[in-house]
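Inspection log for the structure reproduced underneath, given as structure tokens.
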Amino acid sequence: MSMNAKESVLERYSEGAKERQESLCCPVSYDAGLLAMLPDEIIEKDYGCGDPSRYVQPGDVVLDLGSGGGKICYMAAQLVGKTGQVIGLDMNNDMLALARKYQAEMAAQLGSDCVSFVKGHIQDLALGIDALDEYLQAHPVNTHEDYAALKSWETAQRNDKPLIPDQSVDLVISNCVLNLVDDHEKQHMISEIFRVLKPGGRVAIADIVSDQPIPENLKNDPELWSGCISGAFREDEFLNEFTAAGFSAVSYDKWDAEPWQVIAGIEFRSVTLTAVKPETGNNQASDRCLIYRGPFAAVVDDDGQTYVRGQRVNISEATRKLLVNPAFNNGFIDLSAPGNEIPASGCCSAGKSTTPKSSKGGCC
Ligand SMILES: C[S@@+](CC[C@H](N)C(=O)[O-])C[C@H]1O[C@@H](n2cnc3c(N)ncnc32)[C@H](O)[C@@H]1O
């Protein structure tokens, strides 16, 4: 990504906040019921490529990375209900102004002021840009000593007053933004997503992926970069980066068969990646029980546990939450769901498949 490309992202989305930019629009079908309350201007200035609002559950604290005009935030606000909260994060003043323009009107309609917008970089969720600007106003950087003081202040700020604190979010969503971050910062960006999620928290990221490596000449084209093309993850690397960061159940929940664009023979298409931050601390085998329904002979999870089609398996509560998470499609039947409780005595050894017992929901 060239310096030009960074500036071009800021410029292009400032223009996009003022006038609708056709070239940035990727066709998406949203839930019309959730759009009904939104102002036309917010619906028009839509630069997303998917609909991560589908993954929001009541009570969630949701963080929308690169929230733009706030469309997905205002849709999510209708789903989190009175106990939830939605935080939109963007680095662009004009986009933030557009999103905030309707904040009071939306709060009145929702009957709750559960949406807020903050200024930050999605690759550095601990450092708020407003706080940074305030520091720089008071302490202009002219010498290397000033620069060292700035770096110390940033470290202290990230530790003591993080913009988005550790383990504070249930669901991180994003709509067509991760591709805009410099390739060198993408890995850190994903580790930041992991940091802010609560154990058991989820991600639902709509973004553009490529089917082949993207050559440097395309990456250095500011128009293609800011247009959500040349910064795209390659389709296999997108999944691998989330797995490497510690996420489980990483999958493409949505995959557009038709590419959005084909440039230099490379297909660029919209996908939605979903994943879960594993819970720690309740990995003991319990009397939870599930069956892998198929269609394959067997599947293996990220911990190396094999699930053979049709066989009952005794698993920990953490694994159950991961594999049968109602927010995601999956191939598992939860035999520990309400009404299917296993007798207190339990019946299977950890991770062992067994033969069915006559008792309802039992493992053996
Ligand atoms: C393609 S638009 C998507 C906007 C919105 N998600 C939507 O669905 O309409 C990209 C948005 O991400 C913001 N953005 C780009 N890079 C960013 C970064 N590194 N940190 C924070 N925001 C960023 C832009 O300012 C812009 O509002």
Show your working on side chain to side chain donor-acceptor pair (under 3.5 Å) between Ser316 and Thr319 and close with a plain yes or no.
CA-CA 5 Å; Ser316 69; Thr319 305; 2.9 Å; yes
Kindly determine whether Phe194 and Phe242 satisfy side-chain contact (heavy atoms from CB on, under 4.5 Å), including the steps that lead there.
CA-CA 9 Å; Phe194 193 86; Phe242 274 79; over 6 Å; no
side-chain contact (heavy atoms from CB on, under 4.5 Å) for Leu290 and Ile333? Distances and angles first, verdict last.
CA-CA 6 Å; Leu290 56 73; Ile333 300 165; 6.0 Å; no
Step by step, work out the side chain to side chain donor-acceptor pair (under 3.5 Å) result for Asn93 and Lys119.
CA-CA 8 Å; Asn93 285 333; Lys119 190 171 175 188; 2.6 Å; yes
For the pair Leu218 and Ile263, evaluate side-chain contact (heavy atoms from CB on, under 4.5 Å) and give the outcome as yes or no after the intermediate values.
CA-CA 9 Å; Leu218 298 192; Ile263 293 170; 4.3 Å; yes
Which is it for Asp124 and Arg158 under the salt bridge (Lys or Arg N to Asp or Glu O under 4.0 Å) test, yes or no, and what are the steps along the way?
CA-CA 9 Å; Asp124 189 0; Arg158 287 189 184 98; 2.7 Å; yes
Kindly indicate, with the supporting measurements, whether the criterion side chain to side chain donor-acceptor pair (under 3.5 Å) is fulfilled by Asn175 and Tyr47.
CA-CA 8 Å; Asn175 202 358; Tyr47 306 118; over 6 Å; no
One pair to check against side-chain contact (heavy atoms from CB on, under 4.5 Å): Leu10 and Glu7. What are the steps and the verdict?
CA-CA 5 Å; Leu10 271 172; Glu7 286 156 10; 5.8 Å; no
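Judged by distance alone, with hydrogens and angles left aside, the side-chain atoms of Ser230 form a donor-acceptor pair with the main-chain N or O of Trp225 at under 3.5 Å. Using a distance-only test at 3.5 Å, with no hydrogens or angles considered, a donor-acceptor pair links the side chain of Gln78 to the main chain of Leu34. Using a distance-only test at 3.5 Å, with no hydrogens or angles considered, a donor-acceptor pair links the side chain of Ser8 to the main chain of Pro222. Here the side chain of Asp182 pairs a donor or acceptor atom with the backbone of His184 at under 3.5 angstrom. Judged purely by atom type and a 3.5 angstrom limit, Tyr13 uses its side chain to pair as donor or acceptor with the backbone of Ser226. A distance-only check finds a donor-acceptor pair linking the side chain of Arg12 to the backbone of Glu223 [under 3.5 Å]. Of the possible donor and acceptor atoms, one in the side chain of Thr155 sits under 3.5 Å from a partner among the backbone N and O of Lys151. Counting only distance, with no hydrogens or angles, the side chain of Arg309 and the backbone of Pro295 share a donor-acceptor pair below 3.5 Å. Of the possible donor and acceptor atoms, none in the side chain of Asn92 sits under 3.5 Å from a partner among the backbone N and O of Gly68. Here the side chain of Gln157 pairs no donor or acceptor atom with the backbone of Ala126 at under 3.5 angstrom.
Residues Val250 and Trp255 are members of one and the same hydrophobic cluster, defined by side-chain heavy-atom contacts under 4.5 angstrom among Ile, Leu, Val, Met, Phe, Trp and Tyr. Linking Ile, Leu, Val, Met, Phe, Trp and Tyr residues whenever their side-chain heavy atoms come within less than 4.5 Å places Leu98 and Met37 in a single cluster. The hydrophobic cluster containing Ile193 also contains Val271, counting ILVMFWY residues as joined when their side-chain heavy atoms lie under 4.5 angstrom apart, directly or transitively. Follow the hydrophobic side-chain contacts under 4.5 Å out from Ile42 and you reach Val56 in the same cluster. Leu127 and Met91 end up in different hydrophobic clusters when Ile, Leu, Val, Met, Phe, Trp and Tyr side chains are linked at under 4.5 Å.
Ionic pairing of Glu44 and Arg20 is not present here: no N-O contact between side-chain nitrogen and carboxylate oxygen is shorter than 4.0 angstrom. A salt bridge links Asp256 with Lys254; the closest basic N to acidic carboxylate O contact falls under 4.0 Å. Salt bridge annotation for Lys219-Glu216: absent, with no cationic side-chain nitrogen under 4.0 angstrom from a carboxylate oxygen. The pair Asp170-Arg202 does not count as a salt bridge, with every side-chain nitrogen at least 4.0 angstrom from each carboxylate oxygen.
In this structure, Tyr135 has its ring center closer than 6.0 angstrom to the ring center of Trp153. Outside the 6.0 Å centre-distance limit, the rings of Tyr102 and Tyr74 are not counted as a close aromatic pair.
Within the 4.5 Å cutoff, no side-chain heavy atoms of Ile291 are placed close to those of Val313. When side chains are defined from C-beta on, Ile129 counts as touching Asp133, because their heavy atoms get closer than 4.5 Å. Inter-residue side-chain proximity for Leu335 and Arg312 is flagged as met; some heavy-atom pair is nearer than 4.5 Å. When side chains are defined from C-beta on, Tyr30 counts as touching Lys71, because their heavy atoms get closer than 4.5 Å. Residues Glu41 and Lys101 have side chains in contact (heavy-atom distance under 4.5 Å, counting atoms from C-beta outward). Under the 4.5 Å side-chain criterion, counting only non-hydrogen atoms from C-beta, Leu79 is not in contact with Met75. Inter-residue side-chain proximity for Leu197 and Gln167 is flagged as unmet; no heavy-atom pair is nearer than 4.5 Å. Looking at Asn179 and Phe233, their side chains never come closer than 4.5 Å, going by heavy atoms from C-beta outward.
With values rounded to the nearest 0.5 angstrom, Leu63 atom CG is found 8.0 Å from Ile173 atom CD1. Considering CD of Glu279 and OG of Ser248, their distance stands at 11.0 Å, rounded to 0.5 Å.
Surrounding CD of Glu15 are more than 12 heavy atoms belonging to other residues, nucleotides or ligands, all under 6.0 Å away. With a 6.0 Å radius and a threshold of 12 heavy atoms from other residues, nucleotides or ligands, Glu145 has its CD atom above the threshold. Other residues, nucleotides and ligands contribute at most 12 non-hydrogen atoms within 6.0 Å of the CD atom of Glu134. Shown here is Tyr147, whose OH atom has no more than 12 heavy atoms of other residues, nucleotides or ligands within 6.0 Å.
The closest side-chain donor-acceptor pair between Asp301 and Tyr307 falls under 3.5 angstrom. For the residue pair Asp60 and Tyr55, no side-chain donor N or O sits within less than 3.5 Å of a side-chain acceptor on the partner. Remark: the Asp146 side chain and the Thr143 side chain contain an N/O donor-acceptor pair separated by less than 3.5 Å. Side-chain contact check for Asp51 and Ser53: at least one donor-acceptor pair (N or O, by modelled atom type) lies under 3.5 Å. Between the side chains of Thr274 and Asp253, no donor-acceptor pair is found at a separation under 3.5 Å.
When every heavy atom of Val115 is checked against every heavy atom of Gln103, the shortest pair comes out as O-NE2, 2.9 Å. Closest approach of Leu125 to Leu163, counting heavy atoms only: O-CB, 3.3 Å. Among all heavy-atom pairs drawn from Asp64 and Ser174, the shortest one is OD1-CA, 3.7 Å. Scanning all heavy atoms of the two residues, the minimum distance from Thr83 to Val80 falls at OG1-O, 4.1 Å. Here the shortest heavy-atom pairing between Leu110 and Ala77 reads CD1-CB, 3.6 Å. Across every non-hydrogen atom of Ala298 and Val308, the tightest pair is CB-CA, 4.1 Å.
Below 30°, between 30° and 60°, or above 60°: for Tyr292 and Phe332 the angle between ring planes is between 30° and 60°, a tilted geometry.
Identified under the salt bridge (Lys or Arg N to Asp or Glu O under 4.0 Å) test for residues 229-245, with sequence neighbours left out: Arg234-Asp236, Arg234-Glu237.
Seen from the ring of Phe247, Lys277 does not count as a face-on cation partner, given the 6.0 Å and 45° thresholds.
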